[in-house]
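The next block holds one structure in the form of structure tokens; read it before the comments.
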Amino acid sequence: MKEKKFKDIETKLIHSGEPDPRVQGAVSMPIFQSAMFETRKEEGYHDIQYIRLNNTPNAQALHEKLAAIEGAEDALVTSSGMAAISTTLLTFLHNGDHLLVQNCLYGGTHDFVTKDLHTFGISYDFIDGNDPESWEKKRRPNTKAIYVETMTNPMLEVADHKAVVTFAKKHGLVSMIDNTFASPINFRPIEHGFDLSLHSGTKYLNGHSDIVAGAVIGSSELISKVKHRLDHLGGSLDPHACFLLHRGMKTLALRMKQHNESALKIARFLEEHNAVANVNYPGLMSHPQHNRAGQLFDGFSGMLSFEPKGGKTAAEQFMKNVSIPIITVSLGGVESLLTRPAATSHSGMSPEDRKKLGITDGLIRVSVGVEATEDLIEDFAEAFEAIRTIASIS
Ligand code: PLP
């Protein structure tokens, strides 16, 4: 039989990691809903197949597919994005260690770093992702890792990722990046020298807003260390959720194409609208890191944030007056979603900390879905009409 070669990410998403030969000829990966698998001969602990040990067929197929699409040696799926993040941090940081972490982060990660890490004897310092010169002053002899997000949530800042990799290699730090917002279609961190790429699989990877999942991708050596910790902490993904994630991933390339194109058009529409104070989207020429994002990414994703004129009241009224997007947290699904981070994902941060990062009470985060772009733009335009007086525009 002809050897199978999967060169491009679109092909790898469909074919990498699929059982070969197919199980009973099944074209789609069946669900192996079994907690453990029979051991037939004299075997040791490492031969045990058990869902929590992350080595049963649905998880393994995903490990291969995820590693293939981000050009890595290995991967792991986890029970949520936070399971991927917390397990990875607790694998490489121990009592007495120090972490350098980007100052603008997903709220859950921010809370874990600021409220939980100290209970494990781990300290941290925030760094400005755009000021590599300032990192050395924050590094300590016990610094072990550096952690950033591909595009920050919700400001869509793009850190100097090249400098992160160089700094980590120079000082022997493990470099970790949350690649959720970009998705592997737009950015593949391992190809750029990062040690570990993390995902909330709940978002773009699955894409259908119906599961919670996570992933860690990297070298076999580092992934085996994370697996050891994950086996003990227990944040493993169950076979049924694996099946849904697997199915969702098959259309990732198609979905991201629409997310990328539609978000760029919507960001341009918002930028030109006289009821909008500012728009954050790396695909806009006005974005402070637009050139860097253009060099690093194959697309700018479906995530953007903007602030209508008129602050919190205008933002709340705008959200009441849209009819297509759903007002809720999370992101990366086929449905467009709106949320006000100050009230939801970043409510755990103090108002002062939010202010420093530009997360105002009137900031709206948009996860652009795959609906028709023109329908979304028309809906937004109508919502702006409804807040004309609050936004003080004629
Ligand atoms: N990383 C980012 C960028 C996120 O936005 C989220 C959730 O919103 C997470 C990680 C956490 O993922 P999960 O909710 O799957 O635990």
Report yes or no: do [X] and [Y] form a side-chain donor-acceptor pair below 3.5 Å?
X: Asn280; Y: Ser305; result: yes
X: Thr360; Y: Glu307; result: yes
X: His199; Y: Thr180; result: no

Look at the side-chain heavy atoms of Ile, Leu, Val, Met, Phe, Trp and Tyr, link any pair under 4.5 Å apart, and say whether Leu89 and Ile122 land in one connected group. yes
Exceeds 12 heavy-atom contacts within 6.0 angstrom, atom [atom1] of [X]:
X: Glu221; atom1: CD; result: no
X: Arg247; atom1: CZ; result: no
X: His118; atom1: NE2; result: yes

Between Lys227 and Asp74, is the closest basic N to carboxylate O distance under 4.0 Å? no
Closer than 4.0 angstrom, basic N to acidic O: yes or no for Arg139 and Glu136? yes
Candidates Asp238, Asn206, Leu205, Thr202 - the one meeting side chain to side chain contact (heavy atoms under 4.5 Å, CB included) with Ile211: Asn206
Minimal heavy-atom distance between Phe380 and Pro325, with the atoms involved, is CE1-CG, 3.7 Å
Between His98 and Tyr124, is the gap from one ring center to the other below 6.0 Å? no
Return the orientation label for the Phe187 and Phe297 ring planes: parallel under 30°, perpendicular over 60°, tilted otherwise. perpendicular
